[in-house]
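Okay, structure first, notes after.
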Amino acid sequence: MKEWFSKLFDVSFLKFLAVGVLNTLLGAAIMYGLYNLAGWSYWPATLANYIPTSILSFLLNRRFTFHDRETGWRPAVRFAVNIAVCYALAYGVAKPLTTLLFAAAGEKVQGNLSMLAGMGLFTLLNYFGQKFFAFQHRD
């Protein structure tokens, strides 16, 4: 059990978190700015966050975190599939769950809480997706 856990949460996890801090700050500024200041709705605001931050994540995590040296389009395609699946799962679960749990709160509060929950769930799913699928880290 200990060996399994140490493989899951090795040094790549710490590097992923370091890259994630930068991505989260940038993504939160984009997403919350579009939702709260520009008046965008939930889905477009959350999706707009993942376009620039996914590019940054791909570039940084590919080399710095997972040391992927595979050439060609395959890593980029796997990465894009990973992002799409993680996004759909994380925000697809976060929205109805927070709407249910915070039914008495206003729509804006529910939306902001959904985004926060979605970001957390997305980050966790994305780590495993990048490690084992996008960059096929097999140490």
Under 4.5 Å side-chain heavy-atom separation, chaining through any Ile, Leu, Val, Met, Phe, Trp or Tyr, what else clusters with Leu100? Say none if it is isolated. none

Who clusters with Leu37? Use side-chain heavy atoms, under 4.5 angstrom, across I, L, V, M, F, W and Y, and order the result by chain and number. none

So, does Ser57 use its side chain to make a donor-acceptor pair with the main chain of Thr53 at under 3.5 Å? no

To the nearest 0.5 Å, what is the distance between [atom1] ([X]) and [atom2] ([Y])?
X      : Y      : atom1 : atom2 : value
Leu97  : Leu113 : CG    : CG    : 10.5 Å
Leu34  : Trp40  : CG    : CH2   : 4.5 Å
Tyr127 : Cys86  : OH    : SG    : 13.0 Å
Phe66  : Lys131 : CZ    : NZ    : 6.5 Å

State which residues pass salt bridge (Lys or Arg N to Asp or Glu O under 4.0 Å) with Arg63; sequence neighbours excluded, sorted by chain then number. none

Under a plain distance cut-off of 3.5 Å, with no hydrogens placed, do Ser41 and Tyr35 share a side-chain donor-acceptor pair? no

For residues 13-30, which side-chain donor-acceptor pairs fall under 3.5 Å, sequence neighbours excluded?
| unit_1 | atom_1 | unit_2 | atom_2 | d |
| --- | --- | --- | --- | --- |
| Lys15 | NZ | Phe64 | O | 3.4 |
| Lys15 | NZ | His67 | NE2 | 3.1 |
| Thr24 | OG1 | Gly20 | O | 2.7 |

Residues forming a side chain to side chain donor-acceptor pair (under 3.5 Å) with Ser54, sequence neighbours excluded: none

Going by ring pair (Phe, Tyr, Trp, His ring centres under 6.0 Å), name the residues that satisfy it together with Tyr42, two or more places apart in sequence or in a different chain. none

Partner residues of Tyr50 under the ring pair (Phe, Tyr, Trp, His ring centres under 6.0 Å) criterion, sequence neighbours left out: Tyr87, Tyr91, Phe122

Of all pairs that satisfy salt bridge (Lys or Arg N to Asp or Glu O under 4.0 Å), the ones with a partner from residues 77-90, not counting sequence neighbours: Glu70-Arg78

Distance-minimising heavy-atom pair for [X] and [Y]:
X      : Y      : result
Gly92  : Pro96  : O-CD, 2.9 Å
Asn82  : Gly129 : OD1-CA, 3.0 Å
Gly118 : Ala90  : O-CB, 3.6 Å
Ala94  : Ser114 : CB-O, 3.4 Å

Answer with yes or no whether the hydrophobic clustering places Val109 together with Met31; edges join I, L, V, M, F, W, Y residues whose side-chain heavy atoms lie under 4.5 Å apart. no

Would a hydrophobic clustering, with Ile, Leu, Val, Met, Phe, Trp and Tyr connected at side-chain separations under 4.5 Å, put Ile83 with Leu56? no

With side chain to side chain contact (heavy atoms under 4.5 Å, CB included) as the criterion, how do Leu60 and Thr65 come out once you've worked through the C-alpha distance, each side chain's angles and the decisive distance to 0.1 Å? CA-CA 7 Å; Leu60 293 175; Thr65 304; 5.9 Å; no

Applying side chain to side chain contact (heavy atoms under 4.5 Å, CB included) to Ala104 and not counting sequence neighbours gives none

Residues that Val85 engages under side chain to side chain contact (heavy atoms under 4.5 Å, CB included), provided they are two or more places apart: Val81, Leu89

Listed once per pair and sorted, the side chain to side chain donor-acceptor pair (under 3.5 Å) pairs that draw on residues 102-112, sequence neighbours left out: Asn36-Asn112

Single hit among Arg62, Gln130, Arg74 for side chain to side chain contact (heavy atoms under 4.5 Å, CB included) with Phe79: Gln130

Sort and list the pairs that fulfil ring pair (Phe, Tyr, Trp, His ring centres under 6.0 Å) and have at least one residue in residues 92-112, not counting sequence neighbours. none

